[in-house]
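Down below is the structure, laid out as structure tokens.
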Amino acid sequence: MVSDHTHDIVIVGAGPAGIAAACAAAESGARVALLDENSGAGGQIWRRASTGPAAKWLARAGRAGIEFFGGVAVYSARVATSGAASPRIELLAELSDEPHRFSANRVILAVGARELFLPFPGWTLPNVFGVGGLQALAKGGMPIADREILVAGSGPLLLAVAEYVQTHSGRVVGIAEQASAAAVRRFAAGLWRHPKKLAQGLRLKAALVGIPYWNNAWPTEADGDSALRRVRLTDGWRSWWVRCEMLACGFGLVPNLQLPTLLGCRTHQHHGQRVVAVDEHQRTSIAGVFCAGEPTGIGGVDVALAEGLIAGYSAANNSLAAMAHFARRDSERGLAARMHAAFQLRPELRRLADDGTIVCRCEDVTLRAVASCESWREAKLLTRCGMGPCQGRICGPAIEHMLGWPVLDARPPLQPVTIGTLAAL
Amino acid sequence: MKTTDDSVSIEINGLSGAVAAGTTVAAAIALLNNVRAPLRTSVTGMPRGALCGMGVCHECHATINGVAHRRSCLVECMPGMRIHTDGL
């Protein structure tokens, strides 16, 4: 019943880190499988991109002879044979409702990140999206032309998505960035060391001329009957309503740690976030398991590409080629550190939700119910918070931010799968 | 969105429609629904729509060709696909 696949190296996640890792490993002579949940490669940032660096990397991957599996949900993983010499790692996955098992001596986890959502009254209304979420849905064909769209939250993604909306005939009615103007200016001033990023920033600024841009501003309430009508913003002193049909709101990114945690990879704190600990060759604490891109620390596409190359070369025992990319990775990580400093979340954002605000959207659990518990575990047992199909991926980081509880847990199946798939093993 | 002349015929809650090839099911529901009505009803009966767009939040669950609870943002429309939502 189970389809078995054996490769030298299996890579989970076909975003920039996974694609770069696959290229490096395959070009070094390894038999490589590249898996992704989406039907196509590209990940979030290169979703459906057909020009620029995405096209260049995808073409390189095409030439390298990588076996790509799209629409794959990896729901479990284990180290079947441990030991540094020849570990064997198994990944259990579902593809077109059928069970598959991928085995390899080396696994590279390039599982990316998701958006940080902070609950506030009204955030469960239809047409409230993540920032990257709105863009992802629009790239999939969701209509945004002539829609009035408010962009709010924090980080460079806000401007990138606002520009995407404008160039796709949407109407950005405003951009609310919670960071201060001084912090954003300091970050922008540091970009001279990264000319490509500076050019990008200037292009974004030019594209968004005339659109209201508020610093020190964040959403406190979304209002509407069955769908969004208006959003209230505040700068801490005054508040004002902005009429909009859609809200794109995200407060930065959270590394996806479920699969690394399930395999036992050690994690540590980095810029205030839990991330996978790796050595300079992108090796995790588990023999044979490598990690690259956002799960090792949110750093963006250029960190991900460098880490992916290093992980791919290292996993294919091509250490010299890996080392050639150390300097590039470390320089890009420097930029990421400045980004984290500039877009640090203000303390007021811990108190956006009121008692009646839904925190867990899967099980409709309010902040009142969660806050009456002592821990994440107790909240799960008593309120079903985090027990729904998203398994705490949305409410977990929000609760960690609001209440300061550590919320990391990962149990198989990591994604809901059919009974048939579970029964086949 | 992929620019292509191909269109795909699908059925949402019994109503036929056509979307551009490459359109995700979540987007098709929004398109054919003019993004007004909810996609899903929550466990306590609240209207919900897609949130994350990348398969994390499960708010876009729909029944696709008889299989319930599919993440509609991850699935591309295929010819003849039958989609059911509980929110419309």
Side-chain angles (χ1 to χ4, degrees), chain A residues 37-40 43-44 47-48 50 70-71 73 97 112-115 117 123-144 147 168 224-228 245-246 249-250 254 256 358 361-365 384 388-391 393-395 415-416 418, chain B residues 1-4 7-8 10 17-61 64-78 85 87-88:
Chain A
E37 248 179 357
N38 293 278
S39 50
Q44 302 311 331
R47 181 183 292 270
R48 308 208 180 194
S50 51
D97 299 322
R114 60 192 185 276
E115 287 188 84
F117 295 98
W123 79 298
T124 55
L125 278 171
N127 295 340
V128 175
F129 304 99
V131 178
L134 178 116
Q135 186 180 33
L137 288 159
K139 285 184 177 180
M142 183 180 77
I144 57 168
R147 304 270 175 205
H168 290 77
D225 301 322
S226 62
L228 182 70
E245 296 163 279
M246 295 175 160
C249 183
V254 185
N256 286 331
I358 299 281
R361 301 170 63 116
C362 295
E363 299 288 336
D364 284 357
V365 184
R384 288 199 52 79
C390 96
Q391 302 192 336
R393 284 175 174 82
I394 302 293
C395 63
Q415 291 292 348
T418 62
Chain B
M1 207 176 123
K2 238 182 263 176
T3 48
T4 165
S7 77
V8 176
I10 55 167
V19 294
T23 303
T24 62
V25 172
I29 293 167
L31 258 169
L32 299 180
N33 190 30
N34 205 20
V35 217
R36 287 290 184 267
L39 202 157
R40 194 177 78 84
T41 306
S42 76
V43 293
T44 63
M46 297 168 77
R48 293 288 167 75
L51 172 72
C52 79
M54 45 190 82
V56 179
C57 72
H58 291 254
E59 286 282 22
C60 67
H61 274 193
I64 301 174
N65 289 338
V67 183
H69 307 304
R70 299 300 300 272
R71 289 175 282 172
S72 64
C73 70
L74 293 181
V75 181
E76 282 185 22
C77 290
M78 292 295 164
T85 73
L88 294 186

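Protein chains get the first letters and strands the later ones, always in sequence-line order, with residue 1 at the start of each. Note that these values count all heavy atoms, side chains included, but never hydrogens, waters or copies made by symmetry.
Looking at A/Gln391, neither its backbone nor its side chain comes within 4.5 Å of chain B, counting heavy atoms on both sides. Looking at B/His61, the atoms closer than 4.5 Å to chain A (heavy atoms on both sides) all sit in the side chain, from C-beta outward. There is no contact between B/Val75 and chain A, counting heavy-atom distances below 4.5 Å. Using a 4.5 Å cut-off between heavy atoms, B/Ala50 touches chain A through backbone and side chain atoms alike. Heavy atoms closer than 4.5 Å to chain B are found nowhere in A/Asn256, neither backbone nor side chain. Looking at A/Leu228, neither its backbone nor its side chain comes within 4.5 Å of chain B, counting heavy atoms on both sides.
Considering every non-hydrogen atom in both A/Cys362 and B/Cys57, the closest pair reads SG-O, 4.3 Å. Taking each heavy atom of B/Ala27 and A/Gly141 in turn, the nearest pair found is CB-C, 3.4 Å.
Expressed to the nearest 0.5 Å, how far CE of A/Met142 lies from OG1 of B/Thr24 amounts to 9.0 Å. A distance of 11.0 Å separates CZ in B/Arg71 from SG in A/Cys390, rounded to the nearest 0.5 Å. Going from atom CD1 of A/Ile358 over to atom OG1 of B/Thr44 covers 5.5 Å, rounded to the nearest 0.5 Å.
The greatest number of non-hydrogen atom pairs below 4.5 Å with chain A, out of B/Leu74, B/Leu51, B/Val25, is found for B/Leu51. Highest contact tally toward chain B, considering only A/Arg114, A/Arg47, A/Gln135, A/Gln415, is held by A/Gln415 [criterion: heavy-atom pairs under 4.5 Å]. In terms of non-hydrogen atom pairs under 4.5 Å with chain B, the most contact-rich of A/Thr418, A/Asp97, A/Asn38, A/Thr124 is A/Thr124.
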Next item on the list: Start with the C-alpha distance between B/Glu59 and A/Arg393, add both sets of side-chain angles, then the distance that settles salt bridge (charged side-chain N to carboxylate O under 4.0 Å, His left out), and finish with yes or no.
Entry: CA-CA 12 Å; B/Glu59 286 282 22; A/Arg393 284 175 174 82; over 6 Å; no

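Side-chain atoms of A/Leu137 and B/Cys73, non-hydrogen and from C-beta on, do get closer than 4.5 Å to each other. Looking at heavy atoms from C-beta onward, B/Met46 lies in side-chain contact with A/Asp364 at the 4.5 angstrom threshold. In this structure, the side chains of A/Glu115 and B/Cys52 stay at 4.5 Å or more apart for every pair of heavy atoms. Counting heavy atoms from C-beta outward, A/Glu37 and B/Met54 have side chains that stay 4.5 Å or more apart.
A donor-acceptor contact shorter than 3.5 Å links the side chain of B/Arg48 to the backbone of A/Arg361.
Taking 4.0 Å as the cut-off between side-chain N and carboxylate O, A/Arg48 and B/Glu76 count as a salt-bridged pair.
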